[in-house]
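Chain letters run A, B, ... following the sequence lines, proteins first, then strands; residues in each count from 1.
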Amino acid sequence: MKETIEHQGIVSRTEKGRVLVNLLNVAGCAGCHAKASCGVSDIDHKVIEVVADERDFMIGDTVKIRFAPSLGFLALVLGYVMPFFVLITTLFITAHLTGDELLAGLVSLAILVPYYLILSFFREKLKTTFSFSIYKENTSKQ
Amino acid sequence: MNAFLKDIKTFPLGGVHPQEYKLSADIPTEKLALPKMVSIPISQHIGVPAKPVVNARDKVKVGQVIAKNEGFVSTNIHASVSGMVTKIDRVLDSTGYKRDAIIIRVDGDEWLPEIDQTDEIKREISVESDEIVKKIAEAGIVGLGGATFPSHVKLAIPKGKKADCLIINGVECEPYLTSDHRIMLEKTEEVLVGTQILMKALKVEQCWIGIEINKADAIAALKKMCVQYPGIQVQPLKVHYPQGGEKQLIKAVLNREVPAGGLPIDVGVVVQNVGTAFAVYEAIQKNKPLIERVVTVTGKSVLKPSNLWVRIGTPVQELIDFVGGLPEDTGKIISGGPMMGKALNDTEIPVAKGTSGILIIPSEEAHRKPMKVCIRCSQCVGVCPMGLEPYLLMTLTQKELYERLEEDQVLNCIECGSCAYTCPSDRPILDYIRLGKKTVLSIIKERNNKK
Amino acid sequence: MAKKESTFFNMVFSLSVITLVASAALGYVYEFTKEPIAAAQLAKKVRAISVVVPEYNNNPVEDMYLAAIPGSNDSLEIYPAYQNGELVAAAVRSFSPKGYSGNVWLMVGFIPDGSIFDISVLEHKETPGLGTKMADESFKAQFRNKNPQNFNLKVKKDGGDVDALTGATITSRAFGDAAYTAWKTFMEGGKHD
Amino acid sequence: MSEVVIYTIISLTGLGLIAAAILYFVATKFKVFEDPRIDQVEEALPLTNCGGCGHPGCRAFAEACVKADDLSDLHCPVGGNDTMQKVASILGMEVEERDKYVAVVRCAGSLEYRQKTSIYEGAPSCAVAASLYGGDTGCSYGCLYLGDCVKSCDFEAMYLDPVTGLPVVIEDKCVACNACVTSCPKDIMELWPQGRKNRKIFVACINEDKGGTAKKACEVACTGCSKCEKECKYDAITIENYLAYIDPEKCKLCRKCVDVCGSHSIHEINFPPRKLKEDAEEAGARGKREKRSAAASTDTAVLEAPPAENVDVVEMAKARRLKSREAKENNENNESE
Amino acid sequence: MEYFLIVFSAIFVNNIVLAQFLGICPFLGVSGKVSTSVGMGGAVMFVMTLATIVTYIIQYYILIPFGISYMQTISYILVIASLVQMVEIILKKISPALYQALGVFLPLITTNCAILGVAILVIQNEFNLLESVIFAVANALGFTLAIWIFSGIREQLEIMDLPKGMKGVPAALLIAGLLSMAFMGFAGIV
Amino acid sequence: MPPILPGKHLWKEESMTNKDIFKRGLIKENAVFVQLLGMCPVLGVTSTAINGLGMGLATTFVLIMSSIVVSLVKSFIPDKVRIPAFIVIIASFVTVVDLVMAGFFPGLHEQLGLFIPLIVVNCLVLGRAEAFGSKNTPFKAVLDGLGMGLGFTLALVLLGSMREILGSLSLFGLKFVEADGILIFVLAPGAFIALGFLIAIINVLKKRFA
Amino acid sequence: MSSQLLTVSPSPHIHQQQQTVSNLMFGVVIALTPAFIVSLVVFGVGAIKVTLAGVFFCMLFEYLISKYLLKKEANLADGSAIITGILLAFNLPANLPIWIIAIGSLVAIGLGKMAFGGLGNNPFNPAMVGRVFLLISFPVPMTSWPVAMESQWRLADGVTGATPMEIFKEGLEAGLPISEIMGQLPSYFTLFLGGQGGCIGEVSGLALFLGFLYMLYKKIITWHIPVSLLATVFALTGLFWMINPAQYADPVFQVITGGLLLGAFYMATDYVTSPMTSKGMLIYGVGIGVFTVVIRLWGSYPEGISFAILIMNGFVPLINKYVKPRRFGEVKPA
Ligand SMILES: Cc1cc2nc3c(=O)[nH]c(=O)nc-3n(C[C@H](O)[C@H](O)[C@H](O)COP(=O)(O)O)c2cc1C
Ligand SMILES: Cc1cc2nc3c(=O)[nH]c(=O)nc-3n(C[C@H](O)[C@H](O)[C@H](O)COP(=O)(O)O)c2cc1C
Ligand SMILES: Cc1cc2nc3c(=O)[nH]c(=O)nc-3n(C[C@H](O)[C@H](O)[C@H](O)COP(=O)(O)O)c2cc1C
Ligand SMILES: Cc1cc2nc3c(=O)[nH]c(=O)nc-3n(C[C@H](O)[C@H](O)[C@H](O)CO)c2cc1C
Ligand code: SF4
Ligand code: SF4
Ligand code: SF4
Ligand code: SF4
Ligand code: FES
């Protein structure tokens with residue numbers, strides 16, 4: 001499917017080859033009525049860094065950030081789903097091997113550390129994978 | 001007759017079968033008398049309008065170029081009558097808007113001398129392939145199947161593509177219309193020669209003529225004749241609207257599927273209408289540009305349904321007068337067939353290159369029933385030959401959700417009208433889809449411009 | 001007063017103070033409510049016991065003993081009630097897993113010959129308006145003074161003697177089942193004087 | 001202190017501190033500085049998210065305001081000057097008063113002035129009809145009467161007049177969001193400056209056909225006869241493609257052009273009705289000179305008239321209709337004479 | 001089989017949203033788009049499991065041994081709140097790009113009823129650790145299922161003409177009610 | 001569908017009189033009907049009016065107490081540990097309510113079950129503490145907490161009554177007809193449906209009177 | 001030119017004449033008549049009373065709600081409210097008090113249909129919503145059936161019978177061997193003809209099947225949903241029957257008893273709440289089948305099809321989203 005995810009944002013800073021965009025509507029929470037009061041999720045605005053020719057954009061421009069949901073799912077898998085499986089497999093294995101719940105629990109929590117370490121080895125690769133495209137918003141309504 | 005019934009093909013996806021009402025099928029073509037005045041629109045084709053090269057008070061002869069093509073997708077316009085150009089003015093045409101047209105007062109019937117006016121069939125093709133395309137361009141030939149796409153553009157195969165098969169579209173799947181049918185019957189050999197010319201132009205060895213089996217006599221005639229023309233075969237087809245659509249036709253005849261958003265040439269095919277083939281014959285063998293065409297004038301209430309040779313630019317009123325005048329209870333006049341034709345709001349509108357028929361609908365059939373809510377019966381989905389979801393496309397247009405429209409492939413719609421024809425809730429599905437298509441196209445264009 | 005700067009010390013300090021105060025306060029409240037909570041829980045039990053047995057003057061909760069359910073690893077709590085040292089009845093805290101949703105817990109009072117004195121419903125997750133009707137007097141009445149020896153605790157549909165609640169046969173079954181388990185455990189399951 | 005309390009204190013304090021440490025990191029590493037003024041500005045906005053300001057939503061506009069160095073390019077048409085004033089005061093900036101705009105309908109070809117030439121039966125949408133043909137009357141520029149503009153208005157500021165067929169703007173409700181302007185396939189809707197006392201004068205016609213053709217299609221079509229152009233002392237009127245256009249910036253609302261227009265294509269809005277007597281005179285089709293002087297005399301009266309804001313807009317629309325019908329009758333009288 | 005029953009019960013019979021009324025806020029708030037709602041499910045799964053393991057350890061190895069199980073609420077909420085945010089910090093540190101992509105795709109998952117509720121339910125049901133984790137995962141799946149169906153219906157309603165008063169929350173609640181009613185068909189299976 | 005949740009102009013805090021502060025939480029900015037906060041307990045405990053009342057009051061208590069404390073200590077707390085500090089404060093009061101209820105209202109405590117500890121995550125509580133308590137004087141915070149809490153309670157009681165009347169033909173436990181009600185209203189689907197219609201009705205009324 | 005003005009509209013200019021909304025709807029009504037006639041024979045006046053009440057109240061509420069709440073014109077002529085009424089009634093026991101039917105109709109029309117904007121907009125099958133609502137709210141009257149063929153002409157009736165499915169379930173609960181339970185039941189042939197107790201509409205498989213054939217012939221519905229649904233039920237119950245014939249009834253019994261046929265032919269096929277593509281319809285049918293079997297075999301409700309239809313109704317938008325028709329030209333050129 002050709003579906004895309006789009007967010008509106010405002011260019012907050014431009015540097016050589018990079019454009020920083022302040023997202024306006026972060027999915028979900030931002031649209032949430034309780035956002036203002038929902039203190040636990042303190043993060044209201046997200047800044048996205050996009051690789052783009054900075055000369056095309058001016059601070060204050062309203063832009064659209066676009067990326068494929070498949071990328072979103074990939075991010076989801078790497079960020080949450082994989083560690084989840086790592087976590088749960090470790091838990092089951094250690095629980096069966098040792099029969100000690102405390103140990104199993106702690107080990108499975110600890111396994112996340114190497115997981116994230118491994119993930120951090122690929123940070124450069126990830127950086128190129130998760131790229132957004134950026135479009136200037138035309139001011140008129142479509 | 002049973003012999004060809006064995007191998008009848010059709011396309012598999014969707015489609016409808018409206019009642020045929022081919023009232024004028026057995027009526028031979030006649031020549032319509034010259035009108036007193038013609039107005040020849042400078043835009044009778046898809047693409048850039050032609051540019052007038054005559055001025056008011058110029059004298060013109062039949063076949064003379066009066067407007068020259070402008071740019072690649074455009075074509076020449078010729079005088080269809082001789083006489084004096086009275087003015088170049090804005091005239092209501094079948095688009096429903098006033099647009100520029102060259103108005104000529106008819107005076108005699110003086111043809112350019114190089115045009116061969118005889119009926120004699122000229123079989124040898126002496127022109128070279130490149131020459132053919134050029135001549136077709138000069139002759140102002142456009143697709144007569146309805147799209148009025150300049151034919152020379154279609155014959156100029158883009159680099160990197162290759163055609164291996166020509167299909168001549170003799171389907172005429174629209175109810176009522178019989179002009180192609182008559183041409184196939186009356187100009188059988190000319191069509192075949194025209195086809196050969198097209199094959200030569202395209203450098204292909206193979207050609208199918210697709211005809212629906214409600215035109216058994218045409219199938220028989222062409223089958224008999226085409227033995228003499230190597231490479232040309234006749235393919236009988238089941239009666240199934242919109243088989244005349246080129247993608248459907250290609251699927252039916254060759255079982256090839258033009259990819260979404262693609263053109264027939266992407267599967268190595270070029271499709272031309274029989275009328276076009278005949279026009280090509282005349283242009284190449286007889287030096288005659290496209291100045292007249294067969295128009296079916298018909299309708300249930302029409303006294304004398306007819307097939308007429310009509311000069312381009314003749315007001316529709318003249319055709320109606322010929323068939324016995326406008327019936328009292330006329331509700332609608334359609335240029336073209338009932339499924340895809342355009343309703344006219346005036347009888348002075350001139351016949352153009354794309355006018356295949358004038359259909360007169362009595363008023364009790366002319367009105368649409370009030371639209372009701374969509375009951376999601378999925379009939380429209382079932383009949384859509386392009387595998388779209390018409391109900392959804394309509395709603396998305398109404399809600400102005402153009403991105404989703406694009407995702408749901410609104411641009412693939414061939415505007416066949418099967419969906420609106422079928423909808424039990426009488427929803428004007430196609431009205432909205434067309435609007436959605438238009439808007440999406442302009443959005444895409446804008447997007448591309450920005451890049 | 002001016003807002004405190006977010007220095008490390010300030011943060012640790014203020015938070016420590018808050019948690020300290022909070023935890024101390026909580027501890028205090030806990031101490032304070034510990035007894036009422038325990039009392040409430042006890043009272044609940046005692047109330048449940050006292051409605052299903054005749055008058056007594058011991059502390060059945062203290063005298064509670066566990067008795068194994070015959071044919072199962074589980075055991076039930078039995079609260080014997082003594083009047084002047086003489087066993088007048090015992091309340092059995094019994095359950096059945098056959099409820100419409102989840103376990104149905106009953107307190108069943110037996111007089112020493114095994115006849116049911118009364119039954120009260122302790123805990124369940126049955127549907128309000130349907131299964132909950134098992135606590136209704138009209139339903140419970142049919143069990144009073146019946147001895148499961150000769151009163152089949154199955155519902156009539158299954159060939160027993162119990163008139164099921166309309167539309168809540170399942171609950172009725174579970175009710176009978178729990179009562180039967182209680183009876184079996186009371187009669188056969190280990191110690192009673 | 002009991003053991004429990006001690007454990008409580010230890011564990012809770014421990015947990016609290018750990019949590020604090022973590023959340024501290026969150027706060028430092030995460031928190032994007034957001035100008036609190038954005039929220040304030042946003043709160044001052046009407047929050048209709050209509051897009052009339054050219055930004056995708058009110059919050060976007062608020063951000064733009066906060067980021068901007070001056071507010072001259074930014075205007076919320078819905079909130080108008082009051083809102084912008086508030087925004088400016090939040091940001092400590094200056095803002096110019098802007099003229100309020102409202103939408104006007106630049107077509108007066110009501111059902112009675114235009115002969116139907118066909119019956120339209122497609123989907124009830126101007127856009128659909130316009131892509132099919134020029135419309136069911138002889139004028140292919142005029143209103144299609146199908147109300148796309150009305151549907152597009154989020155503020156219920158428009159309705160289709162059942163008598164004239166034309167859309168009517170309720171000026172009090174119109175916030176100049178531009179939605180109707182973009183939705184009209186015929187480009188009939190236009191935003192017009194509010195004008196002194198809400199008064200406006202404009203050519204209610206966009207027919208670019210030659211005078212005769214236009215007139216045949218619609219009785220109140222502008223023929224491009226240039227009488228008004230000559231009449232206007234302030235050069236506010238230009239004629240192009242057989243069509244007059246009044247520049248609202250230059251127009252001084254003198255109403256002279258209204259009277260000279262033979263086809264009654266120039267509309268005046270929110271002027272007090274002329275005295276009945278004059279109307280009667282008009283009906284008698286007297287000499288124009290006389291009428292003109294009468295009109296001039298009302299001009300002064302106009303300035304003293306009560307502010308037009310309070311006038312019921314619907315009533316006014318009715319009055320206008322009445323007047324144009326009378327005008328039509330006059331025309332007929334003229335012709336018969 | 002035991003595990004299967006836990007899973008089936010949590011997904012269908014006692015669906016966390018439709019029968020237990022936990023996590024209603026994200027259910028109503030995030031379910032506008034199908035892709036986001038599915039993504040949400042994946043994230044909830046991880047967070048719920050993580051939270052369950054940690055709170056389980058705290059319950060059985062700290063609170064109960066020290067006799068302070070009344071501190072359940074306060075300790076759970078602190079632990080979960082910081083844990084969730086810690087994961088986010090780590091992600092951000094490790095790969096800002098990944099973190100950004102996630103951020104654009106999903107709202108931040110913070111402590112809500114569902115996560116705290118499941119942590120407490122695990123203790124109430126006296127599950128062992130493995131059962132607890134299975135229970136948590138199953139509930140996350142139940143949440144995902146509910147929000148997935150729900151977002152589908154809402155996407156559809158978006159292009160339909162609801163009566164004025166019903167638009168938004170009321171329609172959403174009615175759909176939830178009807179879904180919950182449909183899911184009651186599973187009653188009695190477990 | 002338009003965004004399901006109302007805009008955040010609800011949180012506008014201009015100079016308001018004390019009366020306004022108290023009043024707006026009741027109806028105009030009602031936590032349940034308008035702001036849709038803390039929907040879980042709203043749906044979960046309202047099978048009877050009594051339960052609704054109990055839950056509402058419990059929440060109100062936590063709300064008021066935490067608002068007071070937060071507004072008292074606000075100036076001692078550095079910004080960056082604000083959230084954990086608030087959480088600790090709120091969770092403490094929730095625990096207090098939990099314990100007190102268990103001790104003195106065991107019946108109600110049992111009915112409300114899980115939803116009492118969940119007051120902690122009720123956005124309403126933290127939200128008010130953060131948005132109002134942390135910026136205003138204790139007195140105003142009390143008013144605000146009281147207003148919001150009573151509004152919340154009102155909603156719960158309203159919904160509870162509606163469900164109890166329809167579902168079991170009784171109100172506050174008093175049966176007025178000896179018959180069965182429409183059972184579904186005391187079950188899960190009934191909660192959603194009743195609240196859905198209630199909000200729809202309120203929306204329509206609001207429009208009519210606005 | 002003629003005196004009349006020409007009509008102008010976009011193409012197409014002709015329209016098929018046979019299928020209009022009300023034709024389709026009344027086609028369904030016609031298809032339901034055989035079943036109604038059988039239920040008349042089996043349940044007598046009760047069937048008439050309940051059916052009439054269902055239709056009357058559904059139409060009444062549709063009228064009142066559209067007129068006074070939605071303030072738009074009530075369109076009773078399209079026949080959809082009639083079908084909802086009939087199908088709701090067909091899913092009720094013949095001895096149900098009128099006031100319960102009124103509540104059911106109000107729920108079906110008000111909650112199931114009009115709350116979402118009326119015909120064409122409702123995500124859930126209205127009649128099914130009404131039925132399930134009643135089933136949950138009034139389990140006792142909703143599951144007390146009049147005895148078939150015994151009490152046709154009595155209006156009030158204390159004696160209640162049981163549906164074959166209930167007899168079977170109770171038998172299992174009571175620990176009877178399958179053969180004995182089956183012995184209590186009429187032969188399959190009688191069951192299929194109409195000898196079973198139960199809801200008004202579900203008594204005769206044969207009559208329902210005739211109606212189904214009629215609707216197929218009239219092209220009102222396609223085969224996809226009913227066939228995939230019944231095949232799934234047959235296959236799954238067959239599987240369990242083969243695994244343990246002492247515990248599970250055989251698939252033929254499962255298919256011909258209860259509301260399965262009524263649901264499969266008339267309710268799962270409701271246009272509004274079923275998928276738009278044939279592929280989607282197959283998935284939908286299979287889904288209903290699976291859930292029906294799960295609820296029938298292990299759930300506490302005697303009948304699963306109602307819930308299964310509602311559950312799958314919930315999935316329909318997702319099916320429509322993910323399962324698109326086969327697009328012309330989506331294959332890549334060879
Ligand atoms: C729905 C539909 C129906 C058509 N029917 C016919 C037809 O019956 N006969 C025909 O020649 N062309 C028909 N066409 C046009 C063909 O697609 C194609 O443009 C034409 O055959 C190409 O030949 P030409 O360029 O010579 O016109 C139809 C097109 C569409 C979209
Ligand atoms: C709900 C229930 C109630 C029962 N009530 C009685 C009863 O009242 N009297 C009795 O003798 N057996 C009763 N039974 C036991 C059975 O009828 C049957 O006697 C028993 O299953 C035989 O197994 P046993 O040897 O374990 O008792 C009951 C069983 C159940 C499940
Ligand atoms: C929502 C709902 C809740 C139910 N709750 C119970 C219940 O708590 N206890 C019960 O025995 N039956 C309950 N039932 C009824 C059973 O499903 C089943 O219909 C009944 O037990 C059959 O009993 P009968 O043989 O008395 O008609 C409930 C039914 C429904 C629809
Ligand atoms: C084949 C067919 C089946 C139908 N089945 C139902 C049904 O099961 N329940 C119902 O309420 N309406 C049914 N209707 C009527 C109508 O579609 C229904 O009222 C709409 O769901 C209301 O929006 C049916 C209509 C047709 C044509
Ligand atoms: S959607 Fe387009 S291609 Fe499909 S049936 Fe309708 S008009 Fe034909
Ligand atoms: S045919 Fe008409 S009623 Fe049926 S789904 Fe398509 S648009 Fe809707
Ligand atoms: S002004 Fe434009 S949009 Fe409005 S009704 Fe007329 S044509 Fe349609
Ligand atoms: S009338 Fe036009 S400009 Fe005015 S509010 Fe309505 S849509 Fe906007
Ligand atoms: S109250 Fe918000 S998720 Fe439960």
Peer 1: Just wondering, are more than 12 heavy atoms of other shown residues or ligands nearer than 6.0 Å to NZ in K210(D)?
Peer 2: no
Peer 1: Under 6.0 Å from the CD atom of Q115(D), do we count more than 12 heavy atoms belonging to anything else shown?
Peer 2: no
Peer 1: Considering heavy atoms only, which positions within residues 122-131 of chain D lie below 4.5 Å of chain G?
Peer 2: G122(D), V128(D)
Peer 1: Would you say that more than 12 heavy atoms from the other residues, nucleotides or ligands in this model lie under 6.0 Å from the CZ of F209(G), or not?
Peer 2: no
Peer 1: Can you list everything that forms a ring-ring contact (aromatic ring centres under 6.0 Å, His included) with Y145(D)? Sequence neighbours excluded, please.
Peer 2: none
Peer 1: Could you check whether atom OH of Y242(D) has more than 12 heavy atoms from other residues, nucleotides or ligands sitting under 6.0 Å from it?
Peer 2: no
Peer 1: Out of curiosity, E121(D) CD to T7(G) OG1, how far, rounded to the nearest 0.5 Å?
Peer 2: 5.0 Å
Peer 1: Is the number of heavy atoms from other residues, nucleotides or ligands under 6.0 Å of K151(D) NZ greater than 12?
Peer 2: yes
Peer 1: Just to be sure I understand the criterion: a residue of residues 132-139 of chain D counts if one of its heavy atoms is under 4.5 Å from a heavy atom of chain G. Which ones qualify?
Peer 2: L132(D), Y133(D)
Peer 1: With a cut-off of 6.0 Å (strictly less than), are more than 12 heavy atoms of other residues, nucleotides or ligands near OH of Y214(G)?
Peer 2: yes
Peer 1: When rounded to the nearest 0.5 angstrom, what distance separates CG in L5(G) from OG1 in T117(D)?
Peer 2: 7.0 Å
Peer 1: If you check every heavy atom in residues 261-278 of chain G against those of chain D, which residues fall under 4.5 Å?
Peer 2: none
